[in-house]
Amino acid sequence: MSNRERTRTRGRARDVVLGVERLLVGYGEPVCAPVTVDVARGEALCLVGANGAGKSTVLRALAGLLEPLGGTVRLHGEPVDERSVRFRREVACVFDEDAWFAELSVAEHLELVARGHGVRDVVAVVDAELEAQRLTGAVDQLPTSLSSGQKRRLLLAAALVRPRSLLLLDEPEQRLDPTGREALADRLLAERDAGTALVLATHDVVLLRRLATRAVVVDDTGGDGGTCRVVDADEAARIVSDPVR
Ligand SMILES: Nc1ncnc2c1ncn2[C@@H]1O[C@H](COP(=O)(O)OP(=O)(O)OP(=O)(O)O)[C@@H](O)[C@H]1O
């Protein structure tokens, strides 16, 4: 969806994918103020904030990997349950975790993920994503032999060769060179405009400016009636460019 189309559809009912209500996260103690926000199809919500503010912790709770201390998270109106097949089918994650089968090549990994999620045209889907992630020269390599940037692109490819209505990404720009960051922004923009709901933690102002439709400022001040502030993309870009303001 272009920005013009997005403006035109403003005011119509939004197709909410993720609903978050006073979500409180932490490890025994809260790490940040509660979060209240929703994310519709074709929207990209960025989580911004200082190192250690709690962005990854919020993402882990959204993915059902961390039990919240309070509040609710709903996917298509249903409570998050990472054990349910529907939840796992709908939610793709790119977190900072390398979970590879050491003996499977790059192409074999992607084919395994796509097949496991019931993708029909596995070879075509995997080939297209290898191309998009500039991994065609590494198809036969084992993950351990990849550079750190290539490993990151393989993680991204694994999230994009499978069905999803929600894509959760934790600093996807990490370890990518400038060309890789541009390609990442292009790919995520296409994903957003194809109707996926995106939530990503990022410190990258270029990615934020190109992609964000809104942002949550993750901190412990409870600036918005006791919850983390929800701001527009311009305000988020100003915060990321000048975090001490
Ligand atoms: N497994 C854990 N157990 C206890 N505390 C943790 C754990 N993981 C993170 N923390 C703490 O929770 C706080 C929030 O960490 P988190 O990784 O969510 O921050 P972040 O905003 O993603 O930071 P960054 O921008 O550096 O990635 C930090 O104080 C961190 O030390």
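What you see is a predicted model, and the numbers here were worked out from it, not measured in a lab. All ligand and atom numbering here is 1-based and tracks the order in the structure. Every heavy atom of this structure was used, including side-chain atoms; hydrogens, water molecules and symmetry mates were not.
- A salt bridge is absent between R152 and E171; no separation between the charged side-chain nitrogens and carboxylate oxygens falls under 4.0 Å.
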Donor-acceptor pairs under 3.5 Å, side chain of residues 133-143 to any protein atom, not counting sequence neighbours: which ones?
{"unit_1": "Q133", "atom_1": "NE2", "unit_2": "E129", "atom_2": "OE2", "d": "2.9"}
{"unit_1": "Q141", "atom_1": "NE2", "unit_2": "S145", "atom_2": "O", "d": "3.3"}
{"unit_1": "Q141", "atom_1": "NE2", "unit_2": "S145", "atom_2": "OG", "d": "3.0"}

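- Ion pairing between a basic and an acidic side chain is recognised when a charged N comes within 4.0 Å of a carboxylate O; R86 and E78 show no such pairing.
- Here side chain to side chain donor-acceptor pair (under 3.5 Å) pairs that include residues 45-65, with residues two or more places apart or in two chains, are Y27-T57, S56-D170, R60-E97.
- Counting only residues at least two apart or in different chains, ring pair (Phe, Tyr, Trp, His ring centres under 6.0 Å) contacts with residues 108-150 comprise W100-H109.
- A pairwise comparison of heavy atoms in R192 and L211 identifies NH1-O, 2.8 Å as the closest pair.
- Protein residues are said to neighbour a ligand when one of their heavy atoms lies under 4.0 Å from it; for ligand 1 these are Y27, V31, A50, N51, G52, A53, G54, K55, S56, T57, E171, H203.
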